[in-house]
Amino acid sequence: MDFNQNQRNQQNNDGSWDRWNSNASNSSYYNQPTHRPYGQAFTIASGICGLMSVTACCTGILSLPLGALGILFAALTYRKGKKMNSASLVGVVSSCVGIISAVIITINTFTMLPALMENESFRYQLDTMTQQMYGMDFQTFMEEFYGYSFE
């Protein structure tokens, strides 16, 4: 291919320069298309859900679906025969930590609640909060909505 033919390939019919068909150094290496790596969005979503799961573990309920989503998004980035990238691994680990912490906190809350209900100051605070939110004390609230009595 001579210089004049290469120059004709780079110019459009109207004489303008075609910068995308530059054919630099007559090699196709320089004109390779670039694309994002597979699963990049799922990797980022896995990390975000994992970190949110860890920070929301004190709520108990919110941390469980966030952790499950973090593990799911990391599993979607896994390709057969390839190693999981480090960002997905961070998402899985933080999701597992968030789920385990939420389960431990929830179990601890339900095991400690009967002992806390015997404390008068705790019970007064709980009655005040449920009176403000629901218009009834905590004992009535638990009996009406859950059928559970503390006595």
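Throughout, residue positions are numbered sequentially from 1 according to the sequence presented. Only this structure's heavy atoms are used, side chains among them; waters, hydrogens and symmetry mates stay out.
Side chain of Ser94 to backbone of Val90: a donor-acceptor contact under 3.5 angstrom is found. In terms of modelled atom types and a separation under 3.5 Å, the side chain of Ser101 and the main chain of Cys57 share no donor-acceptor contact. Proximity of a side-chain donor or acceptor of Thr140 to a complementary backbone N or O of Met136 within less than 3.5 Å is not detected.
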(message) Does Thr109 form a side-chain contact (heavy atoms from CB on, under 4.5 Å) with Leu113? I'd like the steps, not just the answer.
(response) CA-CA 6 Å; Thr109 300; Leu113 190 60; 5.5 Å; no
(message) Tyr78 vs Val92, test: side-chain contact (heavy atoms from CB on, under 4.5 Å). Steps then yes/no.
(response) CA-CA 12 Å; Tyr78 179 73; Val92 168; over 6 Å; no
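The two residues Met52 and Thr55 come nearest to each other via the heavy atoms O-OG1, 3.0 Å. When all heavy atoms are compared, the tightest approach of Thr130 to Phe138 is OG1-N, 3.1 Å. Across all their heavy atoms, Ser63 and Ile99 have their closest contact at OG-N, 4.1 Å. Nearest heavy atoms, Thr77 versus Ala74: OG1-O, 2.6 Å. Between Gln131 and Asp137, the shortest heavy-atom contact is OE1-N, 3.5 Å. Residues Arg123 and Gln139 approach most closely at NH2-OE1, 2.9 Å, considering heavy atoms.
Within the model, atoms OG of Ser121 and CG of Leu116 stand 9.5 Å from one another, a figure rounded to the nearest 0.5 Å. The OG1 atom of Thr43 sits 11.0 Å away from the CD1 atom of Ile48 when rounded to the nearest 0.5 Å. Taking CG of Asn119 as the start and CG of Leu126 as the end, the distance is 11.0 Å to the nearest 0.5 Å. The CD atom of Gln40 lies 9.0 Å from the OG atom of Ser88; values are rounded to the nearest 0.5 Å.
The cluster map of Ile, Leu, Val, Met, Phe, Trp and Tyr, joined by side-chain heavy atoms under 4.5 Å apart, puts Phe122 and Met133 in the same cluster. The hydrophobic clustering, which links ILVMFWY residues whose side-chain heavy atoms are closer than 4.5 Å, places Ile44 and Leu66 together. No continuous path of hydrophobic side-chain contacts links Phe42 to Ile71 [ILVMFWY only; heavy atoms under 4.5 Å]. Neither Phe110 nor Ile107 shares a network with the other; the hydrophobic side chains, linked directly or stepwise wherever heavy atoms of I, L, V, M, F, W or Y lie under 4.5 Å apart, form separate groups for each. Val93 and Ile100 sit in two unconnected hydrophobic clusters of ILVMFWY residues. Membership requires side-chain heavy atoms under 4.5 Å apart, directly or through other members.
Counting only N and O atoms by type, the side chains of Ser53 and Ser95 include no donor and acceptor under 3.5 Å apart.
In this structure, Tyr124 places its OH atom where only 12 or fewer heavy-atom neighbours from other residues, nucleotides or ligands lie under 6.0 Å away. Around atom CE of Met112, no more than 12 heavy atoms belonging to other residues, nucleotides or ligands sit under 6.0 Å away.
Using a 30° and 60° split on the angle between ring planes, Phe141 and Tyr146 fall in the perpendicular class, above 60°.
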